[in-house]
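A short write-up of the structure that comes next.
In this text, all values refer to a predicted model and were calculated from it rather than measured experimentally.
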Amino acid sequence: MYTSASMDEFDLELDEMELVAAAAGYYYYNSMTRQPCRSLSPRGSGFMTEVLNGHDDGCREMFRMDKHVFRKLCDTLRQRGMLRDTSGVVIEEQLAIFLNIIGHNERNRVIQERFQHSGETISRHFNNVLKAIKSLSREFLQPPPLSTPPEIMRNNRFYPYFKDCIGVIDGMHIPAHVPAKDQSRFRNRKGILSQNVLAACTFDLQFIFVYPGWEGSVADSRVLNAVLDDPDQNFPNIPEGKYYLVDSGYSNIEGFISPFQGVRYHLHEYRGANQLPRNAKELFNHRHAFLRNAIQRSFDVLKARFPILKVAPQYAFHIQRDIVIAACVIHNHIRQEERNDWLFTGVDGRIVEEFPDYDDQPDMQSTSSIQEQIASSLRDLIAAAMWSDFINKWNEW
């Protein structure tokens with residue numbers, strides 16, 4: 001027989017078992033009721049309908065571009081056979097998933113809830129769209145026209161002095177997520193883990209060439225030299241007499257004109273009491289810096305549109321690298337399809353502040369003396385002509 005004490009203990013055990021069972025039941029009920037409805041997907045389809053049929057600002061916020069630009073990109077991907085509609089996810093939704101992730105740096109779980117698809121489905125379509133857009137890079141990242149850019153032609157401060165300039169080159173550091181064994185190589189001079197991305201752009205803010213994936217510790221000049229030495233990288237051929245503007249971290253050689261060393265350069269140095277240039281080299285550097293700011297504006301628009309480029313996403317490194325290429329492809333697509341895009345108009349006529357960086361140091365690698373002489377002579381001629389006109393013809397600069 002049970003004693004009174006043992007019965008009390010037995011009742012207590014039953015109470016505890018009932019509490020555990022109740023908790024388990026409550027958890028199971030919640031987990032079941034919170035599962036998205038895979039067959040109907042009311043939230044997913046409703047979200048797409050709301051964005052594409054709603055106010056323009058909604059599409060700009062969620063998909064990072066205007067509706068007609070989004071639809072044109074979908075049409076391109078569909079017509080080229082780069083993506084296909086599936087029974088549960090059409091191309092428009094596949095692209096929307098991708099843009100939501102890179103345009104908001106959203107986690108997979110958030111995208112699952114928003115589009116009402118499984119984590120596996122989200123990942124699969126993200127990777128498919130990334131591959132498809134990357135494959136468009138040859139088409140959308142094109143060599144610059146060889147004629148004088150209109151941004152130079154229309155401005156007496158730059159024309160005819162920079163008439164043979166076809167673009168700007170610089171490095172861009174993107175935060176990187178890498179294994180512990182690789183972190184020393186990817187830690188840049190500011191102590192941040194990053195990939196160094198070589199980029200060239202036009203004065204119309206379109207990317208010409210993008211080469212991501214270099215370790216953050218590698219200097220910009222070394223990345224450029226590696227690209228030029230490797231024909232497989234397909235850097236656009238530079239016709240004789242044409243050149244890109246580069247900062248002082250690169251050598252001043254044929255095809256790449258850098259500012260004068262030891263002379264103030266950055267635009268913030270030409271403010272206040274010391275606003276006016278005092279000689280030909282300062283005038284050249286000021287106008288060089290003003291023109292070269294085009295690539296800083298391009299970087300500014302790119303990162304503002306795709307905030308994932310401001311953080312170190314938890315993807316394999318080759319995915320991080322490909323995201324940069326895809327972002328630049330979409331950047332160019334938007335520039336070509338919508339001249340009044342809100343992010344591009346936001347930087348029109350504006351100078352993006354740039355301060356001296358650790359990489360803005362004279363390149364110490366050996367270069368051809370003939371190449372250096374050609375570039376130095378050209379730079380001296382431009383500076384002399386510019387200074388002569390500034391002194392004799394201009395009342396303002």
Open item on the list: To check you understand the geometry: which heavy-atom pair defines the closest contact between N188 and S194, and what is its length?
Closed with: ND2-OG, 3.0 Å
Task: Option from W387, F162, Y161, F290 for which ring pair (Phe, Tyr, Trp, His ring centres under 6.0 Å) with F284 holds - done: F162
Task: Side chain Q94, main chain V89, donor-acceptor under 3.5 Å - done: yes
- [ ] Decide side chain to side chain contact (heavy atoms under 4.5 Å, CB included) for F47 and M62; before the verdict, give the C-alpha distance in whole Å, the side-chain angles of both, and the deciding distance to 0.1 Å.
- [x] CA-CA 10 Å; F47 172 74; M62 299 311 301; 3.7 Å; yes
Task: pair F344-R297: side-chain heavy atoms closer than 4.5 Å - done: no
Open item on the list: Could you check whether H68 and E337, counting side-chain N and O atoms only, form a donor-acceptor pair closer than 3.5 Å?
Closed with: no
TODO: Mark yes or no for whether T345, through its side chain, and W342, through its backbone, hold a donor-acceptor pair below 3.5 Å.
DONE: yes
Open item on the list: Any heavy-atom pair between the side chains of L52 and R71 that's under 4.5 Å?
Closed with: yes
Open item on the list: To the nearest 0.5 Å, what is the distance between CD1 on I152 and CD1 on I166?
Closed with: 10.0 Å
Open item on the list: Distance check, rounded to the nearest 0.5 Å: N332 atom CG versus T202 atom OG1?
Closed with: 7.5 Å
Open item on the list: Listing request: all salt bridge (charged side-chain N to carboxylate O under 4.0 Å, His left out) pairs with a residue in residues 73-85, at least two apart in sequence or in separate chains.
Closed with: R78-D85, R78-E92, R80-E139
Task: Criterion ring pair (Phe, Tyr, Trp, His ring centres under 6.0 Å) against F98, the qualifying member of F70, F126, F63, F115 - done: F126
- [ ] Indicate yes or no for a side-chain donor-acceptor contact from R335 to the backbone of D204 under 3.5 Å, with no hydrogens or angles considered.
- [x] yes
Task: Evaluation steps, ring pair (Phe, Tyr, Trp, His ring centres under 6.0 Å), between Y265 and H286 - done: CA-CA 6 Å; Y265 177 68; H286 179 269; 9.4 Å; no
Open item on the list: Is it true that R114 and N100 share a donor-acceptor pair across their side chains at a distance under 3.5 Å?
Closed with: yes
Open item on the list: Quick one: does any side-chain atom of S388 pair with a main-chain N or O of A384 as donor and acceptor, under 3.5 Å?
Closed with: no
- [ ] Please round to the nearest 0.5 Å and tell me the distance separating atom OG of S135 and atom CE of M82.
- [x] 3.5 Å
Open item on the list: I'd like to check L198 versus D220 (side-chain heavy atoms, cut-off strictly below 4.5 Å). Are they in contact?
Closed with: no
Open item on the list: Centre-to-centre under 6.0 Å for H177 and F317, is that the case here?
Closed with: no
TODO: Report the C-alpha distance between Q206 and Q336 in whole Å, list the side-chain angles of each, state the deciding distance to 0.1 Å, and finish with yes or no for side chain to side chain donor-acceptor pair (under 3.5 Å).
DONE: CA-CA 9 Å; Q206 293 193 52; Q336 294 166 16; 3.0 Å; yes
Task: K163 NZ: over 12 foreign heavy atoms closer than 6.0 Å - done: no
Task: Atom CD of Q314: over 12 foreign heavy atoms under 6.0 Å - done: yes
TODO: Under the side chain to side chain donor-acceptor pair (under 3.5 Å) rule, collect the residues that match up with Q79, sequence neighbours excluded.
DONE: none
Open item on the list: Applying side chain to side chain contact (heavy atoms under 4.5 Å, CB included) to V69 and L73, what does each step give before you reach the verdict?
Closed with: CA-CA 6 Å; V69 182; L73 184 54; 5.9 Å; no
Task: Carboxylate-amine/guanidinium proximity below 4.0 Å for D341 and R305 - done: yes
- [ ] Indicate the atoms forming the closest heavy-atom contact of L205 with H331, along with that distance.
- [x] O-NE2, 2.7 Å
Task: Any C59 side-chain heavy atom under 4.5 Å of D66 side chain - done: no
Task: Test item: R264 and R278 side chains (from C-beta on) under 4.5 Å apart, heavy atoms - done: yes
Task: N285 side chain to P259 backbone, donor-acceptor under 3.5 Å - done: no
Task: Within-4.5 Å side-chain heavy-atom neighbours: Y243 and L378 - done: yes
Task: Nearest-0.5 Å distance that lies between atom CD1 in I122 and atom CD1 in I101 - done: 6.5 Å
Task: Under 3.5 Å donor-acceptor, H55 side chain and D57 backbone - done: yes
Open item on the list: Under a 3.5 Å distance rule, please check whether H288 uses its side chain to pair with a backbone N or O of I257 as donor and acceptor.
Closed with: yes
Open item on the list: Is it true that E93 and H117 share a donor-acceptor pair across their side chains at a distance under 3.5 Å?
Closed with: yes
- [ ] Would you mind reporting whether V168 and V246 have side-chain heavy atoms less than 4.5 Å apart?
- [x] no
TODO: Any chance you could measure I102, atom CD1, to I97, atom CD1, to the nearest 0.5 Å?
DONE: 13.0 Å
- [ ] Carefully, step by step, assess K303 and M172 under the rule side chain to side chain contact (heavy atoms under 4.5 Å, CB included).
- [x] CA-CA 11 Å; K303 291 181 179 181; M172 169 176 60; 3.7 Å; yes
Open item on the list: Testing the basics here: between C165 and L245, what is the closest heavy-atom pair and its distance to 0.1 Å?
Closed with: SG-CG, 3.5 Å
Open item on the list: Can you confirm if the NZ or CZ of R222 lies within 45° of the ring axis of W214 and under 6.0 Å from the centre of its six-membered ring?
Closed with: no
TODO: Answer with yes or no after comparing the ring centroid distance for Y250 and F256 against a 6.0 Å cut-off, counting only values under it.
DONE: no
- [ ] Check whether any side-chain N or O of R185 sits under 3.5 Å from a backbone N or O of E215 as a donor-acceptor pair, and report yes or no.
- [x] no
- [ ] For the residue pair Q233 and D230, confirm or rule out a side-chain donor-acceptor distance under 3.5 Å.
- [x] yes
TODO: List the atom of G249, the atom of S221, and the distance in Å for their closest heavy-atom pair.
DONE: O-CB, 3.2 Å
Open item on the list: I need the I91 CD1 to L77 CG distance, nearest 0.5 Å.
Closed with: 6.5 Å
Task: Check ion pair R350-D300 (N to O, under 4.0 angstrom) - done: yes
TODO: For Q296 and D170, test the side chains for any donor-to-acceptor distance below 3.5 angstrom and give the result as yes or no.
DONE: yes
TODO: Give the C-alpha distance, both sets of side-chain angles, the deciding distance and a yes or no for side chain to side chain contact (heavy atoms under 4.5 Å, CB included) between R187 and S217.
DONE: CA-CA 6 Å; R187 196 173 302 281; S217 63; over 6 Å; no
Task: Heavy-atom pair of closest approach, residues L146 and K242 - done: O-NZ, 2.8 Å
Open item on the list: Given 3.5 Å as the limit, does a donor-acceptor pair link the side chain of N234 with the main chain of D232, or not?
Closed with: yes
- [ ] Mind listing the closest non-hydrogen atom pair of I208 and Q142 along with its distance?
- [x] CG2-O, 3.4 Å
Open item on the list: Does atom NZ (K72) have a neighbourhood of more than 12 heavy atoms from anything else shown, all under 6.0 Å?
Closed with: no
Open item on the list: Testing the 3.5 Å rule here: is there a donor-acceptor pair between the side chains of N108 and S123?
Closed with: yes
Open item on the list: In terms of relative ring orientation, are F209 and F235 parallel, tilted or perpendicular, with 30° and 60° separating the classes?
Closed with: perpendicular
Open item on the list: For H173 and F186, I'd like to know if the aromatic rings sit close, meaning centre-to-centre distance below 6.0 Å.
Closed with: no
Task: salt bridge (charged side-chain N to carboxylate O under 4.0 Å, His left out): pairs with one or both residues in residues 129-138, sequence neighbours excluded - done: K134-D322
Open item on the list: Quick check against the 3.5 Å criterion: does E282 have a side-chain atom that pairs as donor or acceptor with the backbone of P277?
Closed with: no
